[in-house]
Amino acid sequence: MEHTPTIRSKIETELKQRGHTFSSFSKVSGINRGIFSTMLNSNPPKPISVRQMDLITKALGYPEGWLYELYIDECFYEGKGHWKRIKPFLLRCVELGREDCIQKVLSRLTEDLSYVPTIFELAEELHEAGKKKESTPFYECVIENGKYYHSERLAICQYRLFCYSLNTDLDNNRQATIKFAPFRRNLPENYQLDALLKLTNAYFQFYDYEAAIHYAKELEVLVTSIYWHQAQARAKNREVIRLNTERHLIVYYGQAYLMQGNSFEKQGLYEAAMKFIPYYENLTGFEGLDEIGMIEAQKFEIWGIANRLNLEILMGDTASLPAYVELIRNNPQEILLGLLTIIESANHYSYSVDDTLALFAENINEFRELRTNISYYHTNNDLLTYSRFFLELSRYYFSKGSYTEAIDSMLISLKASSELNDKNYYIKSITLLFEKYKDHSTEKQRTEYEKVIQAVENNMRQMTSRAKRAMFLYLV
């Protein structure tokens, strides 16, 4: 039978080959001679710490992480896990990117499920240190070995992975959202607030406005309850417990109503959407607002004014257009969404907005470059709005017979949708529009169209592969 080397036999072989004694190697490594001797010769031998292992590795001239595969047995001396050695070893593996060793240690640790809470604590420690990618295998381990489906710990793990996975790929976000949503009610209240707002925003981007309204209503009920309990505490001169949330509490209150209104707007239910504005446009009078809270409340005040004008324009009231144009000119962050509203209205009611487009020509040229800023919730709202804006702008130009400008705008919309992996939107809208006006396109435009379509098809193949993997993990 072939002899399996141990970490000590490997070290002893290296010492012999290099002619080291315990005394000489002690000087080279910085490890006390007596301690080093007990590591190799005592019966039973003294355990080796990961720091000592790194000193030995450096002294022998090997790269960091040498013999880490064998060191795993050192963490489970006599078959029992020793957390005081395991944790430093796992942290070193995190630093060195040794995912292979991390998985082997976690596999052995979870033979005893009493270690699951300890693994969760380490995952949270890594999360708090900003090491999101590095914490992922630890959260996944807790999920795979959790005994109780409705536990708070399991819900937090699912929430962390949900947040980590959100990006500019709408299909990826859709899969992550579906997987996480059932766990939201098991979260602590502070996490529930953030989770419900993320779910609302996610479904809004998927065009599933009924689901967005559903989660916004849940958020409304929860944040109203929290505010009521805080008001009761103030009335009784009791301490108000502040929740540790990503945003100020007033943000969740305002967004609960704002997102319901926005969801009705996208369904063309403008009168219904208008009814939500009074709930978020006057929040500066809320009790307990600090400086940050007041700034957030003032944002909602501006959004209330903008959204009222926005809805009036969408309902065909062109008299509101000058005030709306002036408002978005004074609030540059609102220009893209504002122009989208104006173009949608112009297309629906067949009126000219050439003067407005000329006024914002410089901004529109910048939008063509698809410059993006990842939003607070790790999704790219700009790309989504770019896609919609340039599609509406394309329709506007087509209606005027300006085919070159129309097709150029449509290609920008298609490119933005491709980057989002927004297959439903581009298939239903953009490709059909291009095929309709293909004869008016230039050779350069047709080449660009084929190039973007190829990129979209590649995204779809990758998406199918990811979906299969995600479904497998969900079933497991």
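The first residue of the sequence shown is numbered 1, and numbering continues consecutively from there.
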Listing request: all ring pair (Phe, Tyr, Trp, His ring centres under 6.0 Å) pairs with a residue in residues 287-317, at least two apart in sequence or in separate chains.
Phe300-Trp303

Glu121 and Arg153: salt bridge (Lys or Arg N to Asp or Glu O under 4.0 Å), yes or no, with the steps?
CA-CA 10 Å; Glu121 290 173 5; Arg153 182 167 59 231; over 6 Å; no

Could you give all pairs that pass the side chain to side chain donor-acceptor pair (under 3.5 Å) test and reach residues 264-274, with sequence neighbours left out?
Glu265-Asn310

Looking at residues at least two apart in the chain, or sitting in another chain, which of them share a side chain to side chain donor-acceptor pair (under 3.5 Å) with Glu95?
Arg92

If you measure from CG on Asp317 to OG on Ser320, what distance do you get to the nearest 0.5 Å?
3.5 Å

Strictly by modelled atom types, are Asp354 and Tyr396 linked by a side-chain donor-acceptor pair under 3.5 Å?
yes

Mind checking side chain to side chain donor-acceptor pair (under 3.5 Å) for Asn347 and listing every partner two or more places apart, or none if nothing turns up?
Glu392

Lys299: partners by salt bridge (charged side-chain N to carboxylate O under 4.0 Å, His left out), with sequence neighbours left out:
Glu296

Whether the Tyr68 and Asp100 side chains hold a donor-acceptor pair (N or O, under 3.5 Å, no angle test) is what I'd like checked.
no

Residue pairs, two or more places apart or on separate chains, that pass ring pair (Phe, Tyr, Trp, His ring centres under 6.0 Å) and touch residues 305-363
none

The criterion is ring-ring contact (aromatic ring centres under 6.0 Å, His included); which residues satisfy it with His127, sequence neighbours excluded?
Tyr164

Are more than 12 heavy atoms, taken from residues, nucleotides or ligands other than Leu113, located less than 6.0 Å from that residue's CG atom?
yes

Do Tyr209 and Asn262 get their side chains close enough for a donor-acceptor pair, meaning under 3.5 Å?
no

For Phe286, give me all partners under ring-ring contact (aromatic ring centres under 6.0 Å, His included), at least two apart in sequence or on another chain.
Tyr227, Tyr253

Can you label the angle between the Tyr203 ring and the Phe206 ring as parallel, tilted or perpendicular, going by 30° and 60°?
perpendicular

Could you verify whether a donor N or O on one side chain and an acceptor N or O on the other, from Asn173 and Gln205, lie under 3.5 Å apart?
no

Is a donor from one side chain sitting under 3.5 angstrom from an acceptor on the other, for Tyr139 and Glu124?
yes

His229: ring-ring contact (aromatic ring centres under 6.0 Å, His included) partners, not counting sequence neighbours:
none

List for me each residue that meets salt bridge (charged side-chain N to carboxylate O under 4.0 Å, His left out) alongside Arg368, sequence neighbours excluded, and say none if there are none.
none

Here the side chain to side chain donor-acceptor pair (under 3.5 Å) pairs for residues 232-242, sequence neighbours left out, are none

Phe180: which residues meet the ring-ring contact (aromatic ring centres under 6.0 Å, His included) condition with it, sequence neighbours left out?
Tyr159, Phe162

